[in-house]
Amino acid sequence: MTDPLDSLFSRVLGARIFADRERMRPDYVPDDLPHREGQILKLAEILAPSLKGSRPSNIFIYGVPGTGKTAVTKYVLKKLEAEGRKIGVDLGLAYINCKHDDTNYRVLADLCEAAGERIPFTGLSTSEVFRRFVRLVDASGKMIFAVLDEVDALVKKTGDKALYDLTRINQRLERTRISIVGITNDLKFMEYLDPRVRSSLGEEELVFPPYGASELEDILSRRAAVAFNEDTLDAGVIKLCAALAAKEHGDARRALDLLRISGEIAERNGDPRVTEEHVRMAQREIERDRVVEVVRTMPLHSRILILSLHLLSGKGGKGGSTGELYDLYSSISKNMGLEPLTQRRVSDLINELDMLGIANAKVVSKGRYGRTKVVSLSISTKNLKEALQDDPRVGVLIRR
DNA sequence: CGTCCACAGGAATGACGGGCGG
DNA sequence: CCGCCCGTCATTCCTGTGGACG
(Lines give C-alpha, C1' and ligand atoms only; values in the text may rest on other atoms or scores of the structure.)
Protein backbone atom coordinates (compact mmCIF):
# COMPACT_ATOMS: atom_id res chain seq x y z
CA MET A 1 0.00 0.00 0.00
CA THR A 2 2.74 2.44 0.83
CA ASP A 3 4.25 4.16 -2.13
CA PRO A 4 8.00 3.55 -2.22
CA LEU A 5 8.59 7.24 -2.77
CA ASP A 6 6.53 8.10 0.26
CA SER A 7 8.61 5.93 2.48
CA LEU A 8 11.75 7.29 0.88
CA PHE A 9 10.73 10.84 1.53
CA SER A 10 9.69 10.15 5.04
CA ARG A 11 12.95 8.40 5.77
CA VAL A 12 14.85 11.31 4.32
CA LEU A 13 12.82 13.87 6.16
CA GLY A 14 12.78 11.91 9.34
CA ALA A 15 9.01 12.10 9.42
CA ARG A 16 8.04 8.55 10.02
CA ILE A 17 5.00 8.86 12.15
CA PHE A 18 2.34 8.36 9.51
CA ALA A 19 2.22 5.42 7.18
CA ASP A 20 -0.87 6.64 5.39
CA ARG A 21 -2.17 9.95 6.54
CA GLU A 22 -5.16 9.78 4.17
CA ARG A 23 -6.75 7.19 6.37
CA MET A 24 -6.95 9.59 9.26
CA ARG A 25 -8.89 12.18 7.37
CA PRO A 26 -12.40 12.83 8.63
CA ASP A 27 -14.12 11.95 5.37
CA TYR A 28 -12.33 8.68 4.83
CA VAL A 29 -14.71 5.74 4.78
CA PRO A 30 -12.96 2.62 6.05
CA ASP A 31 -13.81 -0.87 4.92
CA ASP A 32 -14.61 -2.11 8.33
CA LEU A 33 -16.78 -0.30 10.78
CA PRO A 34 -16.31 -1.89 14.17
CA HIS A 35 -19.19 -1.80 16.65
CA ARG A 36 -21.70 -0.86 13.99
CA GLU A 37 -22.40 -4.41 12.81
CA GLY A 38 -25.95 -4.23 14.11
CA GLN A 39 -26.74 -1.04 12.26
CA ILE A 40 -25.12 -2.26 9.07
CA LEU A 41 -27.15 -5.41 9.16
CA LYS A 42 -30.39 -3.65 9.91
CA LEU A 43 -29.86 -1.07 7.19
CA ALA A 44 -28.94 -3.74 4.66
CA GLU A 45 -31.97 -5.76 5.66
CA ILE A 46 -34.24 -2.82 5.08
CA LEU A 47 -32.71 -1.87 1.76
CA ALA A 48 -32.19 -5.34 0.34
CA PRO A 49 -35.68 -5.73 -1.18
CA SER A 50 -34.57 -3.25 -3.82
CA LEU A 51 -32.52 -6.01 -5.39
CA LYS A 52 -35.69 -7.91 -6.06
CA GLY A 53 -37.31 -4.86 -7.54
CA SER A 54 -39.61 -3.95 -4.70
CA ARG A 55 -39.45 -0.70 -2.87
CA PRO A 56 -37.65 -0.69 0.45
CA SER A 57 -39.10 1.31 3.32
CA ASN A 58 -37.99 4.84 3.82
CA ILE A 59 -35.56 5.10 6.69
CA PHE A 60 -34.71 7.67 9.21
CA ILE A 61 -31.34 7.56 10.89
CA TYR A 62 -30.62 9.34 14.13
CA GLY A 63 -27.49 9.81 16.15
CA VAL A 64 -25.29 12.50 17.59
CA PRO A 65 -22.31 13.59 15.47
CA GLY A 66 -19.49 11.16 14.98
CA THR A 67 -21.42 7.96 15.52
CA GLY A 68 -20.83 6.61 12.05
CA LYS A 69 -24.18 7.38 10.45
CA THR A 70 -22.74 8.65 7.21
CA ALA A 71 -20.01 6.05 7.06
CA VAL A 72 -22.41 3.16 7.59
CA THR A 73 -24.87 4.48 5.04
CA LYS A 74 -22.24 5.01 2.41
CA TYR A 75 -20.79 1.62 3.11
CA VAL A 76 -24.07 -0.24 2.82
CA LEU A 77 -25.10 1.57 -0.33
CA LYS A 78 -21.77 0.85 -1.93
CA LYS A 79 -22.19 -2.84 -1.21
CA LEU A 80 -25.74 -2.77 -2.42
CA GLU A 81 -24.76 -1.14 -5.67
CA ALA A 82 -22.00 -3.65 -6.22
CA GLU A 83 -24.37 -6.51 -5.57
CA GLY A 84 -26.93 -4.97 -7.87
CA ARG A 85 -24.42 -4.68 -10.66
CA LYS A 86 -23.53 -8.32 -10.21
CA ILE A 87 -27.07 -9.49 -10.69
CA GLY A 88 -27.97 -6.88 -13.27
CA VAL A 89 -30.13 -4.51 -11.27
CA ASP A 90 -29.41 -0.89 -11.91
CA LEU A 91 -29.67 1.27 -8.81
CA GLY A 92 -29.41 5.04 -8.75
CA LEU A 93 -27.70 6.46 -5.72
CA ALA A 94 -27.91 10.07 -4.77
CA TYR A 95 -25.91 11.08 -1.76
CA ILE A 96 -26.88 14.61 -0.89
CA ASN A 97 -25.39 16.61 1.90
CA CYS A 98 -28.16 19.00 2.74
CA LYS A 99 -25.86 21.30 4.62
CA HIS A 100 -24.05 21.94 1.39
CA ASP A 101 -27.00 21.69 -0.96
CA ASP A 102 -29.59 23.45 1.08
CA THR A 103 -32.21 24.48 -1.40
CA ASN A 104 -35.00 22.40 -2.85
CA TYR A 105 -33.68 23.12 -6.26
CA ARG A 106 -30.22 21.78 -5.68
CA VAL A 107 -31.51 18.66 -3.99
CA LEU A 108 -33.70 17.92 -6.96
CA ALA A 109 -30.91 18.69 -9.37
CA ASP A 110 -28.70 16.19 -7.58
CA LEU A 111 -31.41 13.60 -7.73
CA CYS A 112 -31.80 14.10 -11.45
CA GLU A 113 -28.13 13.61 -11.84
CA ALA A 114 -28.32 10.32 -9.97
CA ALA A 115 -31.07 9.29 -12.31
CA GLY A 116 -28.85 10.03 -15.25
CA GLU A 117 -29.55 13.51 -16.48
CA ARG A 118 -27.74 16.72 -15.84
CA ILE A 119 -29.84 19.70 -14.99
CA PRO A 120 -28.66 23.27 -15.51
CA PHE A 121 -27.79 24.65 -12.11
CA THR A 122 -30.11 27.54 -12.64
CA GLY A 123 -32.71 28.63 -15.09
CA LEU A 124 -35.54 26.19 -14.50
CA SER A 125 -38.24 26.61 -11.98
CA THR A 126 -38.21 24.21 -9.08
CA SER A 127 -41.45 22.61 -10.11
CA GLU A 128 -40.15 22.08 -13.62
CA VAL A 129 -37.15 20.24 -12.25
CA PHE A 130 -39.48 18.20 -10.15
CA ARG A 131 -41.55 17.22 -13.19
CA ARG A 132 -38.46 16.33 -15.13
CA PHE A 133 -37.24 14.20 -12.32
CA VAL A 134 -40.47 12.25 -12.17
CA ARG A 135 -40.49 11.70 -15.91
CA LEU A 136 -36.87 10.72 -15.92
CA VAL A 137 -37.13 8.20 -13.16
CA ASP A 138 -40.22 6.67 -14.62
CA ALA A 139 -38.60 6.31 -18.00
CA SER A 140 -35.37 4.79 -16.76
CA GLY A 141 -37.06 2.27 -14.50
CA LYS A 142 -34.24 2.64 -12.02
CA MET A 143 -34.70 2.28 -8.35
CA ILE A 144 -33.49 5.51 -6.79
CA PHE A 145 -32.02 5.90 -3.33
CA ALA A 146 -31.97 9.42 -2.04
CA VAL A 147 -29.68 9.78 0.91
CA LEU A 148 -30.33 13.09 2.58
CA ASP A 149 -27.50 13.69 4.99
CA GLU A 150 -28.16 16.32 7.63
CA VAL A 151 -31.74 16.77 6.47
CA ASP A 152 -32.38 18.99 9.46
CA ALA A 153 -30.39 21.72 7.70
CA LEU A 154 -32.63 21.52 4.67
CA VAL A 155 -35.82 21.58 6.67
CA LYS A 156 -34.66 24.41 8.87
CA LYS A 157 -33.86 26.47 5.85
CA THR A 158 -36.65 25.71 3.44
CA GLY A 159 -39.30 23.89 5.40
CA ASP A 160 -40.50 20.39 4.81
CA LYS A 161 -42.08 20.96 1.44
CA ALA A 162 -39.28 19.26 -0.40
CA LEU A 163 -39.51 16.24 1.84
CA TYR A 164 -43.23 16.16 1.43
CA ASP A 165 -42.90 16.21 -2.35
CA LEU A 166 -40.34 13.46 -2.25
CA THR A 167 -42.43 11.19 -0.11
CA ARG A 168 -45.31 11.70 -2.47
CA ILE A 169 -43.30 11.02 -5.55
CA ASN A 170 -44.02 7.34 -5.43
CA GLN A 171 -47.65 7.97 -6.07
CA ARG A 172 -46.79 9.61 -9.33
CA LEU A 173 -44.36 6.99 -10.47
CA GLU A 174 -45.66 4.01 -12.35
CA ARG A 175 -42.78 1.78 -13.17
CA THR A 176 -40.36 2.38 -10.41
CA ARG A 177 -39.85 3.60 -6.90
CA ILE A 178 -37.78 5.94 -4.88
CA SER A 179 -36.55 5.29 -1.41
CA ILE A 180 -35.44 7.92 1.02
CA VAL A 181 -32.79 7.64 3.67
CA GLY A 182 -32.78 10.63 5.98
CA ILE A 183 -29.88 11.25 8.31
CA THR A 184 -29.90 13.71 11.16
CA ASN A 185 -27.98 14.73 14.26
CA ASP A 186 -31.00 16.32 15.76
CA LEU A 187 -32.88 13.84 17.87
CA LYS A 188 -35.96 15.98 18.12
CA PHE A 189 -36.00 16.61 14.40
CA MET A 190 -39.13 14.57 13.73
CA GLU A 191 -41.21 16.88 15.86
CA TYR A 192 -40.72 19.73 13.43
CA LEU A 193 -42.13 17.75 10.56
CA ASP A 194 -45.58 17.64 9.15
CA PRO A 195 -47.24 14.48 10.51
CA ARG A 196 -47.80 13.15 7.01
CA VAL A 197 -44.14 13.47 6.16
CA ARG A 198 -43.22 12.01 9.51
CA SER A 199 -45.23 8.87 9.04
CA SER A 200 -44.06 8.11 5.54
CA LEU A 201 -40.44 9.06 6.12
CA GLY A 202 -40.17 7.25 9.40
CA GLU A 203 -41.36 3.88 8.20
CA GLU A 204 -38.18 2.52 9.68
CA GLU A 205 -35.91 4.11 12.20
CA LEU A 206 -32.36 3.40 13.02
CA VAL A 207 -30.61 4.82 16.04
CA PHE A 208 -26.87 5.17 16.33
CA PRO A 209 -25.88 5.36 19.96
CA PRO A 210 -22.68 7.18 20.90
CA TYR A 211 -19.56 5.08 21.16
CA GLY A 212 -18.24 4.18 24.57
CA ALA A 213 -14.63 4.72 25.55
CA SER A 214 -13.60 1.13 24.91
CA GLU A 215 -15.31 1.08 21.53
CA LEU A 216 -13.54 4.28 20.56
CA GLU A 217 -10.31 2.74 21.67
CA ASP A 218 -10.92 -0.21 19.42
CA ILE A 219 -11.79 1.99 16.46
CA LEU A 220 -8.69 4.08 17.00
CA SER A 221 -6.33 1.17 17.27
CA ARG A 222 -7.65 -0.43 14.12
CA ARG A 223 -7.30 2.81 12.25
CA ALA A 224 -3.92 3.53 13.74
CA ALA A 225 -2.68 0.14 12.61
CA VAL A 226 -3.03 1.19 8.98
CA ALA A 227 -2.46 4.92 9.24
CA PHE A 228 0.55 5.07 11.52
CA ASN A 229 3.87 3.37 11.22
CA GLU A 230 4.59 0.61 13.61
CA ASP A 231 5.80 1.55 17.03
CA THR A 232 5.24 5.27 16.73
CA LEU A 233 2.51 5.51 19.34
CA ASP A 234 3.24 5.51 23.04
CA ALA A 235 1.30 3.01 25.09
CA GLY A 236 -1.32 5.29 26.58
CA VAL A 237 -1.90 7.48 23.53
CA ILE A 238 -4.85 5.68 22.04
CA LYS A 239 -6.47 5.16 25.38
CA LEU A 240 -6.17 8.85 26.15
CA CYS A 241 -7.63 9.93 22.82
CA ALA A 242 -10.53 7.57 23.33
CA ALA A 243 -11.15 8.79 26.85
CA LEU A 244 -11.09 12.45 25.86
CA ALA A 245 -13.45 11.88 22.96
CA ALA A 246 -15.77 9.75 25.05
CA LYS A 247 -16.25 12.72 27.29
CA GLU A 248 -17.32 14.66 24.20
CA HIS A 249 -20.42 12.55 23.64
CA GLY A 250 -18.57 9.61 22.11
CA ASP A 251 -17.70 11.36 18.91
CA ALA A 252 -15.50 9.11 16.80
CA ARG A 253 -14.60 11.91 14.45
CA ARG A 254 -13.28 13.89 17.38
CA ALA A 255 -11.25 10.91 18.52
CA LEU A 256 -9.72 10.44 15.10
CA ASP A 257 -8.98 14.13 14.74
CA LEU A 258 -7.30 14.10 18.09
CA LEU A 259 -5.08 11.22 17.13
CA ARG A 260 -4.25 12.69 13.74
CA ILE A 261 -3.36 16.08 15.13
CA SER A 262 -1.29 14.49 17.85
CA GLY A 263 0.64 12.74 15.13
CA GLU A 264 1.07 15.94 13.18
CA ILE A 265 2.35 17.76 16.23
CA ALA A 266 4.84 15.01 16.94
CA GLU A 267 5.95 15.13 13.34
CA ARG A 268 6.35 18.90 13.40
CA ASN A 269 8.48 18.65 16.49
CA GLY A 270 10.57 15.99 14.86
CA ASP A 271 9.76 13.54 17.63
CA PRO A 272 10.00 9.88 16.74
CA ARG A 273 6.97 8.85 18.74
CA VAL A 274 3.60 10.26 19.69
CA THR A 275 3.31 10.74 23.41
CA GLU A 276 0.44 11.54 25.72
CA GLU A 277 1.85 15.03 25.95
CA HIS A 278 1.28 15.44 22.22
CA VAL A 279 -2.31 14.36 22.68
CA ARG A 280 -2.84 16.99 25.33
CA MET A 281 -1.32 19.59 23.04
CA ALA A 282 -3.62 18.44 20.27
CA GLN A 283 -6.60 18.71 22.56
CA ARG A 284 -5.68 22.29 23.40
CA GLU A 285 -5.08 23.12 19.78
CA ILE A 286 -8.47 21.79 18.75
CA GLU A 287 -10.21 23.66 21.50
CA ARG A 288 -8.35 26.85 20.75
CA ASP A 289 -9.21 26.72 17.07
CA ARG A 290 -12.83 26.11 17.85
CA VAL A 291 -13.08 28.85 20.44
CA VAL A 292 -11.26 31.41 18.36
CA GLU A 293 -13.40 30.58 15.39
CA VAL A 294 -16.65 30.81 17.31
CA VAL A 295 -15.77 33.92 19.25
CA ARG A 296 -14.56 35.75 16.20
CA THR A 297 -17.93 35.50 14.53
CA MET A 298 -19.81 36.52 17.65
CA PRO A 299 -21.53 39.87 18.01
CA LEU A 300 -20.18 42.49 20.41
CA HIS A 301 -22.74 41.94 23.15
CA SER A 302 -21.99 38.26 23.35
CA ARG A 303 -18.32 39.05 23.74
CA ILE A 304 -19.02 41.47 26.54
CA LEU A 305 -21.08 38.77 28.12
CA ILE A 306 -18.20 36.31 27.87
CA LEU A 307 -15.90 38.89 29.34
CA SER A 308 -18.27 39.45 32.25
CA LEU A 309 -18.44 35.75 32.77
CA HIS A 310 -14.69 35.56 32.78
CA LEU A 311 -14.36 38.33 35.36
CA LEU A 312 -17.04 36.76 37.49
CA SER A 313 -15.51 33.31 37.58
CA GLY A 314 -12.03 34.79 37.79
CA LYS A 315 -12.73 36.06 41.27
CA GLY A 316 -12.35 32.64 42.81
CA GLY A 317 -15.96 31.60 42.35
CA LYS A 318 -17.29 28.94 40.06
CA GLY A 319 -19.31 31.19 37.81
CA GLY A 320 -22.38 33.06 38.94
CA SER A 321 -26.10 33.40 38.68
CA THR A 322 -27.91 35.10 35.87
CA GLY A 323 -28.56 38.11 38.09
CA GLU A 324 -24.92 38.72 39.03
CA LEU A 325 -23.83 38.13 35.48
CA TYR A 326 -26.41 40.49 34.09
CA ASP A 327 -25.47 43.28 36.53
CA LEU A 328 -21.82 43.01 35.62
CA TYR A 329 -22.61 42.81 31.95
CA SER A 330 -24.80 45.90 31.95
CA SER A 331 -22.32 48.00 33.87
CA ILE A 332 -19.57 47.08 31.44
CA SER A 333 -21.85 47.90 28.55
CA LYS A 334 -22.69 51.28 30.00
CA ASN A 335 -19.02 52.00 30.58
CA MET A 336 -18.43 51.35 26.93
CA GLY A 337 -21.26 53.71 26.07
CA LEU A 338 -23.62 50.99 24.94
CA GLU A 339 -27.20 50.41 25.80
CA PRO A 340 -27.30 47.01 27.52
CA LEU A 341 -29.59 44.36 26.13
CA THR A 342 -32.56 43.20 28.15
CA GLN A 343 -32.27 40.43 30.63
CA ARG A 344 -34.53 38.36 28.45
CA ARG A 345 -32.23 38.66 25.52
CA VAL A 346 -29.13 37.98 27.61
CA SER A 347 -30.79 34.85 28.87
CA ASP A 348 -30.99 33.65 25.28
CA LEU A 349 -27.38 34.58 24.66
CA ILE A 350 -26.36 32.53 27.67
CA ASN A 351 -28.21 29.55 26.28
CA GLU A 352 -26.42 30.10 23.01
CA LEU A 353 -23.04 30.07 24.72
CA ASP A 354 -24.07 26.89 26.43
CA MET A 355 -24.98 25.31 23.11
CA LEU A 356 -21.66 26.29 21.63
CA GLY A 357 -19.83 24.70 24.53
CA ILE A 358 -18.26 27.95 25.66
CA ALA A 359 -20.18 28.09 28.90
CA ASN A 360 -22.01 25.71 31.15
CA ALA A 361 -25.46 26.79 32.22
CA LYS A 362 -27.56 24.86 34.64
CA VAL A 363 -30.87 25.77 36.24
CA VAL A 364 -30.62 25.62 39.98
CA SER A 365 -33.39 26.23 42.41
CA LYS A 366 -32.43 27.82 45.67
CA GLY A 367 -35.85 27.45 47.13
CA ARG A 368 -36.95 30.52 48.95
CA TYR A 369 -34.13 32.45 47.39
CA GLY A 370 -35.33 31.99 43.89
CA ARG A 371 -34.52 29.97 40.90
CA THR A 372 -31.67 30.85 38.65
CA LYS A 373 -29.22 29.57 36.15
CA VAL A 374 -25.66 29.08 37.32
CA VAL A 375 -23.30 29.89 34.50
CA SER A 376 -19.60 29.23 34.24
CA LEU A 377 -17.02 29.26 31.52
CA SER A 378 -16.11 25.89 30.13
CA ILE A 379 -13.00 26.89 28.24
CA SER A 380 -9.52 27.67 29.44
CA THR A 381 -8.62 31.25 30.27
CA LYS A 382 -5.70 31.13 27.92
CA ASN A 383 -7.82 30.24 24.94
CA LEU A 384 -10.38 32.78 25.91
CA LYS A 385 -7.88 35.58 26.09
CA GLU A 386 -6.50 34.68 22.74
CA ALA A 387 -9.96 34.63 21.26
CA LEU A 388 -10.93 38.01 22.64
CA GLN A 389 -7.55 39.60 22.01
CA ASP A 390 -8.15 40.91 18.53
CA ASP A 391 -11.28 42.78 19.50
CA PRO A 392 -10.27 46.41 19.90
CA ARG A 393 -12.90 47.19 22.52
CA VAL A 394 -13.11 44.00 24.55
CA GLY A 395 -9.47 43.01 24.13
CA VAL A 396 -8.30 45.97 26.16
CA LEU A 397 -10.35 44.95 29.15
CA ILE A 398 -9.06 41.44 29.29
CA ARG A 399 -5.40 42.37 29.64
CA ARG A 400 -5.31 42.91 33.30
C1' DC B 1 -47.85 22.53 53.60
C1' DG B 2 -48.30 26.91 51.52
C1' DT B 3 -45.57 30.88 50.21
C1' DC B 4 -42.80 33.37 47.49
C1' DC B 5 -38.14 34.38 45.47
C1' DA B 6 -35.64 35.14 41.20
C1' DC B 7 -35.50 34.07 37.64
C1' DA B 8 -36.82 30.67 33.14
C1' DG B 9 -38.65 30.82 29.02
C1' DG B 10 -43.09 31.27 25.83
C1' DA B 11 -45.86 34.68 22.86
C1' DA B 12 -46.53 38.78 20.48
C1' DT B 13 -44.52 42.38 18.22
C1' DG B 14 -41.30 45.49 15.93
C1' DA B 15 -36.87 46.96 13.44
C1' DC B 16 -33.70 45.73 10.05
C1' DG B 17 -31.45 43.54 6.30
C1' DG B 18 -30.98 40.39 2.63
C1' DG B 19 -32.55 37.36 -0.96
C1' DC B 20 -35.75 36.15 -4.48
C1' DG B 21 -39.44 36.25 -7.78
C1' DG B 22 -41.59 39.00 -11.11
C1' DC C 1 -34.56 46.89 -10.55
C1' DC C 2 -38.11 47.03 -7.13
C1' DG C 3 -41.09 45.57 -3.83
C1' DC C 4 -42.28 41.87 -1.08
C1' DC C 5 -41.48 38.38 2.03
C1' DC C 6 -38.91 36.04 5.24
C1' DG C 7 -35.41 35.29 8.86
C1' DT C 8 -32.82 37.26 12.67
C1' DC C 9 -32.20 40.14 16.54
C1' DA C 10 -34.21 42.49 20.18
C1' DT C 11 -37.88 44.25 23.34
C1' DT C 12 -42.07 43.97 26.11
C1' DC C 13 -45.15 41.49 28.67
C1' DC C 14 -46.21 37.57 30.55
C1' DT C 15 -47.03 33.03 32.97
C1' DG C 16 -44.66 29.19 35.20
C1' DT C 17 -42.02 26.90 38.78
C1' DG C 18 -38.48 24.01 42.29
C1' DG C 19 -37.98 23.88 46.66
C1' DA C 20 -36.04 26.16 51.24
C1' DC C 21 -38.17 28.76 54.50
C1' DG C 22 -41.52 29.81 57.78
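Residue numbering restarts at 1 for every chain, and letters A, B, ... go by the order of the sequence lines.
With hydrogens and angles ignored, no donor-acceptor pair closer than 3.5 Å exists between the side chain of A/Ser365 and the base of C/dG19.
Side-chain contact between A/Tyr329 and A/Ile350 is absent, with no heavy-atom pair separated by less than 4.5 Å. A/Val147 is not listed as a side-chain neighbour of A/Ile180, based on a closest heavy-atom distance of 4.5 Å or more. Using a 4.5 Å heavy-atom threshold, the side chains of A/Asn185 and A/Tyr62 count as separate.
Checked by atom type, the side-chain pair A/Thr275/A/Asp234 shows no donor-acceptor distance below 3.5 Å.
Using a 4.0 Å cut-off, some side-chain N or O of A/Lys373 falls inside it from OP1 or OP2 of B/dG9. Residue A/Ser321 has no polar side-chain atom (N or O) positioned under 4.0 Å from OP1 or OP2 of B/dA6.
Mapping A/Tyr369 and A/Arg345 onto DNA chain C via the closest heavy atom, the residue that lands nearer the 5' end is A/Arg345.
If you check every strand for non-hydrogen atoms under 4.0 Å, A/Asp348 touches nothing.
Residue A/Ile350 contributes atom CD1, which lies 10 Å from atom P of B/dC7 at whole-angstrom precision. Whole-Å rounding puts the A/Leu300 CG to C/dC9 P distance at 15 Å. In this structure, A/Asn351 places its CG atom 14 Å from P of C/dC9, rounding to the nearest Å. For the pair A/Leu325 CG and B/dA8 C1', the computed distance is 15 Å after rounding to whole Å. Following rounding to the nearest Å, A/Asp354 (CG) and B/dG9 (C1') show an atom-to-atom distance of 14 Å. In this structure, CZ of A/Arg368 is placed 14 Å from C1' of B/dC1, rounded to the nearest angstrom. The nearest whole Å value for the distance from the NZ atom in A/Lys366 to the P atom in B/dT3 is 23 Å. In this structure, the CD atom of A/Gln343 is 20 Å from the P atom of C/dC9, given to the nearest Å.
Residue A/Gln389 holds its CD atom at 7.5 Å from CD of A/Glu386, rounded to the nearest 0.5 Å.
The listed nucleotides are C/dC21, C/dT12, C/dA10; the one nearest the side chain of A/Arg344 is C/dT12.
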